[in-house]
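Read the structure below first, then the notes.
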Number of protein chains: 2
Amino acid sequence: MNKPTLLDVARAAGVSYATADRVLNARGGVAEKSIQRVQRAIEDLGYERDLHAANLSRRRTYAFRFLVPQGDHAFFRELRHSLEAERAPRRSNRISIFVQEIPALDPEALADALDRIQVSDCDCLAVVATDAPRVTQAITRLTAQGMPVITLVGDAAPDARAAYVGIDNVMAGRTAGRLIRLAHTGRTGRILPVVGALTARDHRDRLDGVREVLGEPGGSLDLMAPVAVQDRADRMRVEVGQALRAAPDITGIYSIGAGNRALIEIMAQLPGQRPFVVLHELTPVSRDGLERGLIDAVIDQMPAREIAVALDVMKALADGRDLATAARDITPTIYLRDNLPVPGRQGDTT
Amino acid sequence: MNKPTLLDVARAAGVSYATADRVLNARGGVAEKSIQRVQRAIEDLGYERDLHAANLSRRRTYAFRFLVPQGDHAFFRELRHSLEAERAPRRSNRISIFVQEIPALDPEALADALDRIQVSDCDCLAVVATDAPRVTQAITRLTAQGMPVITLVGDAAPDARAAYVGIDNVMAGRTAGRLIRLAHTGRTGRILPVVGALTARDHRDRLDGVREVLGEPGGSLDLMAPVAVQDRADRMRVEVGQALRAAPDITGIYSIGAGNRALIEIMAQLPGQRPFVVLHELTPVSRDGLERGLIDAVIDQMPAREIAVALDVMKALADGRDLATAARDITPTIYLRDNLPVPGRQGDTT
DNA sequence: GGAGAATTGAGGGACGTCAATCATTTTTTG
DNA sequence: CAAAAAATGATTGACGTCCCTCAATTCTCC
């Protein structure tokens with residue numbers, strides 16, 4: 001009735017505990033036919049090793065390291081905050097979380113940090129990656145040396161990293177595009193895309209996505225040339241203000257990056273019917289914008305959930321478990337003013 | 001450096017292991033000043049009991065029971081499927097899941113089932129509740145007898161149950177309303193709400209939600225009287241077909257319950273510009289409708305996530321942990337054709 | 001100061017696994 | 001067939017906790 005133990009397996013296989021243990025842990029020195037019998041017994045009894053007892057016995061702990069960008073951008077601040085929030089509950093599951101902050105938007109600095117990582121430093125590494133040659137190379141090295149590496153939020157080295165946890169930015173852009181189309185049902189319009197910089201892969205992907213959807217047949221929307229604001233509110237204020245004066249017939253704005261505080265302020269001051277606005281990341285600022293009706297939709301990648309999923313995936317990797325059983329799908333989530341989560345915690349697990 | 005053990009605590013407190021153990025597990029027979037010193041040491045060292053070792057030692061297993069409605073409605077089928085999917089991974093964490101199917105839409109049958117549950121049957125109970133007096137009474141009894149009860153998907157006995165895991169249906173209705181408003185930017189329209197039955201609390205809530213939003217100032221949408229189709233596709237086909245013939249100027253349909261296969265078929269056959277359609281629950285049928293562009297948005301309560309969250313909450317309750325640390329917020333999620341999750345698993349944890 | 005009660009210490013046997021050691025049995029090989 | 005090699009069995013002490021017993025110490029109160 002109860003879960004079978006390894007002793008049950010040994011008895012069922014007609015071998016000693018020691019032999020069953022040798023098979024289970026692949027210690028070698030076991031005759032082929034004994035291996036068969038033990039595996040047969042494991043099958044028959046539905047034996048599963050008690051991971052907790054095993055970890056207890058071998059004093060195993062899990063050391064997981066995260067390389068995340070520095071800086072005060074709301075998204076990464078939230079990401080780091082979620083990591084801190086997971087620290088205590090995970091700790092009681094023998095998981096230690098190490099967070100290392102890396103200069104943002106600097107592939108070389110990231111590669112340097114990756115190069116300094118030793119296999120002995122941790123059991124699994126998660127890195128907010130930028131797809132640069134040296135980064136790919138460093139990830140490949142770590143993987144080759146036996147350390148599982150996952151990419152978080154941004155992907156790189158798709159052949160080497162064990163998994164990517166994050167949204168598909170083309171999908172996110174398409175989702176924004178769909179919302180914009182919805183809001184233009186039965187009318188034409190001009191849409192202004194605002195990016196941080198077109199050199200950023202994620203921004204290009206989102207732009208591609210929105211372009212795909214707006215270009216679908218049946219639409220009559222004019223996607224303007226993107227304005228780049230370096231993720232800065234001051235640039236946003238200037239550039240978007242200028243664009244709106246130059247083209248007062250703008251009916252929609254898709255802000256792909258950061259600096260949205262200024263965008264929301266502009267909307268607050270705009271006389272008459274404001275354009276339809278979609279932007280990314282649920283932050284205190286964007287939440288406030290939604291609640292005050294100054295913007296229409298926020299596309300969020302749920303950083304807390306990303307961290308939770310990343311930790312689950314890392315645990316699975318460290319245990320040598322099959323990744324298929326770990327959910328790692330993160331879908332861009334749409335927030336309108338009516339389905340905002342309660343400000344507290346959401347998406348974490350224990 | 002390593003996590004302190006109870007032996008470390010005992011030493012730090014200047015007492016024996018036995019005394020520290022007596023304090024930790026409140027076995028009594030300890031002098032007040034010793035209690036103080038041990039608690040002090042626990043604080044100082046940041047000691048946390050190793051739950052896995054403790055469970056191992058006391059052979060603790062968790063028995064969680066779920067009362068879910070029978071029937072082949074896609075949502076509950078998905079809910080039951082998610083429960084099955086969680087069975088194996090949870091089992092290896094000493095959690096046994098028992099699922100008991102209850103006649104759907106039958107508060108009396110549910111109350112009967114609840115009445116038959118003994119405290120010894122399980123460590124925590126999750127029930128898809130209907131807010132009926134006998135149900136409330138049964139939940140109150142179980143709680144009083146010391147079994148934590150949570151409500152799932154549907155709430156009842158808010159004073160007695162330990163937590164509710166599920167979406168806020170008013171919020172879901174509001175979200176639908178917001179989407180409908182978005183899709184009617186700059187134009188007027190008539191919206192047809194379709195419910196299963198107005199006796200169902202969740203349907204009423206959703207209807208209230210959509211009414212709230214459509215009634216907000218600045219709108220010019222006419223919310224028609226709801227049509228009831230008993231969650232059945234055949235009724236849906238008849239009723240909605242009739243409504244569309246009677247009022248060809250319908251510009252939006254909000255389907256609050258089930259039977260959407262027929263709704264999608266109707267949309268496929270409609271000549272010209274079809275109405276804007278929002279419905280609930282991501283199922284193979286609704287997913288297909290989205291992908292084929294026959295409907296516009298699906299509001300989903302993410303059953304897999306609900307189950308995962310419910311299990312986490314139940315574990316926390318069974319361990320006597322603080323519920324605050326368990327995320328239990330489920331927000332209605334919006335799916336458009338562009339942010340559909342990969343059909344496989346999503347939202348589960350291990 | 002002494003009896004009785006309260007408190008404390010010491011220890012042991014679980015729980016299921018790991019990672020050893022050492023002795024014994026079986027198989028292989030020349 | 002004997003010696004060497006391979007395989008197996010038996011056993012042990014962790015890991016951190018629970019739960020129990022028994023004895024020793026300290027305290028309380030008359």
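Every chain is numbered from 1 and lettered A, B, ... according to where its sequence line falls, protein lines coming before strand lines.
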Query raised in the report: Taking CG from L51(B) and P from dC15(D), how many angstroms apart are they, rounded to a whole number?
Result: 20 Å

Requested in this report: Quick one: do V68(A) and V153(A) satisfy side-chain contact (heavy atoms from CB on, under 4.5 Å)? Show the steps, please.
Outcome: CA-CA 10 Å; V68(A) 299; V153(A) 179; over 6 Å; no

Query raised in the report: Of the candidate nucleotides dC15(D), dT17(C), dA19(C), which contains the atom at the shortest distance from the side chain of L56(A)?
Result: dC15(D)

Query raised in the report: What nucleotide among dT17(D), dG9(C), dT11(D) has an atom nearest to a side-chain atom of R49(B)?
Result: dT17(D)

Report task. Look at the side chain of R22(B) against the base of dG9(C) and say whether a donor-acceptor pair falls under 3.5 Å; ignore hydrogens and angles. Result -> yes

Query raised in the report: Hey, is the main chain of F64(A) close enough, under 3.5 Å, to the side chain of D123(A) for a donor-acceptor pair?
Result: no

Requested in this report: Could you walk me through whether V9(B) and V38(B) pass the side-chain contact (heavy atoms from CB on, under 4.5 Å) test, one step at a time?
Outcome: CA-CA 7 Å; V9(B) 171; V38(B) 171; 4.2 Å; yes

**Report entry** Test log, rule side-chain contact (heavy atoms from CB on, under 4.5 Å), inputs K315(A) and I95(A)
**Finding:** CA-CA 9 Å; K315(A) 177 80 156 49; I95(A) 294 175; 3.9 Å; yes

Query - Atom-to-atom span, CZ of R11(B) to P of dG16(D) - whole angstrom - result: 11 Å

Report summary line: Between CD1 of I42(A) and P of dT17(C) the distance, given in whole Å, is 10 Å

Query raised in the report: Which part of the nucleic acid, if any, lies within contact of A31(A), taking any heavy atom under 4.0 Å across all strands shown: a base, the sugar-phosphate backbone alone, or nothing?
Result: sugar-phosphate

Report task. Indicate, with a heavy-atom threshold strictly under 4.0 Å, whether N55(A) touches base, sugar-phosphate, or nothing. Result -> nothing

Report summary line: Atom CZ of R27(B) and atom P of dG9(C) are separated, to the nearest Å, by 16 Å

Requested in this report: Looking at every strand, decide which applies to A54(B) at a 4.0 Å heavy-atom threshold: base, sugar-phosphate, or nothing.
Outcome: sugar-phosphate

**Report entry** S57(A) side-chain proximity, nearest of dG16(C), dA7(D), dG9(C)
**Finding:** dG16(C)

Query raised in the report: Got a donor-acceptor pair under 3.5 Å from the side chain of R59(B) to the base of dG16(C)?
Result: no

Query raised in the report: When you measure from the side chain of Y47(A), which nucleotide among dG16(D), dT17(C), dG11(C) comes out closest?
Result: dT17(C)

